[in-house]
Enquirer: 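I am attaching a structure below and will ask some questions about it afterwards.
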Number of protein chains: 2
Amino acid sequence: MKNRLKVCRAENNLSQADLADRIGVSRQTINSIETSRYVPSTILALKLAHVFQKPVEALFELDETD
Amino acid sequence: MKNRLKVCRAENNLSQADLADRIGVSRQTINSIETSRYVPSTILALKLAHVFQKPVEALFELDETD
DNA sequence: TGCAATGGTAAAGTAAATTTTACATATAGT
DNA sequence: ACTATATGTAAAATTTACTTTACCATTGCA
């Protein structure tokens, strides 16, 4: 699964730590999602989409491996 | 988190087993998501959204507990 | 009445998400 | 040169997702 978190963070001028605080997870969780070390839960995806005011599909996209 | 899976299945006339087959998970996984026994991964949410041709937000919605 | 399909759920096991702590690196500002 | 900030990552621990097997109840149909 691809993600656009890093770009969205840049657009909103948020650090990984900022974003983590906003949605109540650790900084490493954000980093791990960004670097595709693991796939977030749907709750996290919805929270991230809410922060960036975009649909989940604008943040996460299935790829061939999924 | 609330979900509208059962209704969407009904609209598309799919059994839990049908839907499970379509996205490559067990029937119990679908049942457990529907009955909120656990929160699916973002990959599953995207796959479900794809099957029903709806945005993730039309299938899953954050509630107060999230 | 018997049977197939559907849905709910439980237990045990495996895989994966998430936290905490910790360390390393790069960069920018003082 | 020092400090602060941001990022990447690793290991261990804990929690949760997901699979497999299995059983029960309901409904509709032969």
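Note that the structure is a prediction, hence the values are computed from the model and not measured.
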Enquirer: Can you sort out which residues in residues 12-24 of chain A have a heavy atom within less than 4.0 Å of DNA chain D? Ascending by number, please.
Expert: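 Only A:S15, A:Q16 qualify.
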Enquirer: Between atom CD in B:E34 and atom P in C:dT9, what is the gap in whole Å?
Expert: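 Between P of C:dT9 and CD of B:E34: 11 Å.
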Enquirer: At under 4.0 Å between heavy atoms, how does the protein contact nucleotides 20-30 of chain C? Give one character per nucleotide, 5' to 3', with B, S or -.
Expert: BBB--------
Enquirer: Rounded to the nearest 0.5 Å, how far apart are CG of B:L19 and CD1 of B:I30?
Expert: 4.0 Å
Enquirer: Is there a residue in residues 36-66 of chain B whose heavy atoms reach under 4.0 Å of DNA chain C, and which residues are they?
Expert: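 Close to the strand are B:R37.
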Enquirer: Do the non-hydrogen side-chain atoms of A:S41 and B:T42 ever get within less than 4.5 Å of each other?
Expert: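 No, too far: nothing below the 4.5 Å cut-off.
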Enquirer: Determine whether B:L48 and B:F60 make a side-chain contact, defined as any pair of heavy atoms from C-beta on separated by less than 4.5 Å.
Expert: yes
Enquirer: Going 5' to 3' along DNA chain D, which nucleotides are the first and last within contact of chain B (any atom under 4.0 Å from a heavy atom)?
Expert: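 Extent of the interface on DNA chain D: D:dA17 to D:dA22.
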Enquirer: With distance as the sole test, does B:N13 use its side chain to make a donor-acceptor pair with the main-chain N or O of B:A10 at under 3.5 Å?
Expert: no
Enquirer: Taking any heavy-atom pair under 4.0 Å as a contact, classify B:S32: base, sugar-phosphate, or nothing.
Expert: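 Nothing: the residue B:S32, judged by heavy atoms under 4.0 Å, touches no strand.
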Enquirer: Can you find a pair of side-chain heavy atoms, one from A:L59 and one from A:C8, that are under 4.5 Å apart?
Expert: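 A side-chain contact exists here, since the closest heavy-atom pair is under 4.5 Å.
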Enquirer: To the nearest 0.5 Å, what is the distance between CG on B:L62 and CD1 on A:I43?
Expert: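 Here the rounded value is 7.0 Å.
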Enquirer: Side-chain contact, heavy-atom cut-off 4.5 Å: A:L14 with A:F52?
Expert: yes
Enquirer: Measure the spacing between CD of B:Q16 and CD of B:E34 and express it to the nearest 0.5 Å.
Expert: 4.5 Å
Enquirer: Checking B:N12 side chain against B:R9 main chain: does a donor-acceptor pair fall under 3.5 Å?
Expert: no
Enquirer: Between A:K54 and B:E57, is there a salt bridge with N-O shorter than 4.0 Å?
Expert: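 Salt bridge: no.
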Enquirer: Can you check side chain to side chain donor-acceptor pair (under 3.5 Å) on B:T29 and B:S26, steps first, answer last?
Expert: CA-CA 5 Å; B:T29 294; B:S26 69; 3.0 Å; yes
Enquirer: Is any side-chain heavy atom of B:L5 less than 4.5 Å from a side-chain heavy atom of B:I33?
Expert: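 In contact.
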Enquirer: Have a look at the helix from C:dT1-D:dA30 to C:dT30-D:dA1 and give the angle its two end axes make, five pairs each, rounded to 10 degrees.
Expert: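 Computed angle between terminal axes is 30°.
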Enquirer: To the nearest 0.5 angstrom, please state how far the CD atom of B:E11 sits from the NZ atom of B:K6.
Expert: 14.0 Å
Enquirer: Quick check: is B:L44 connected to B:Y38 through a chain of hydrophobic side chains (ILVMFWY, heavy atoms under 4.5 Å apart)?
Expert: yes
Enquirer: Sort and list the pairs that fulfil salt bridge (charged side-chain N to carboxylate O under 4.0 Å, His left out) and have at least one residue in residues 15-24 of chain A, not counting sequence neighbours.
Expert: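 Counting only pairs at least two positions apart or across chains, no salt bridge (charged side-chain N to carboxylate O under 4.0 Å, His left out) contact touches residues 15-24 of chain A.
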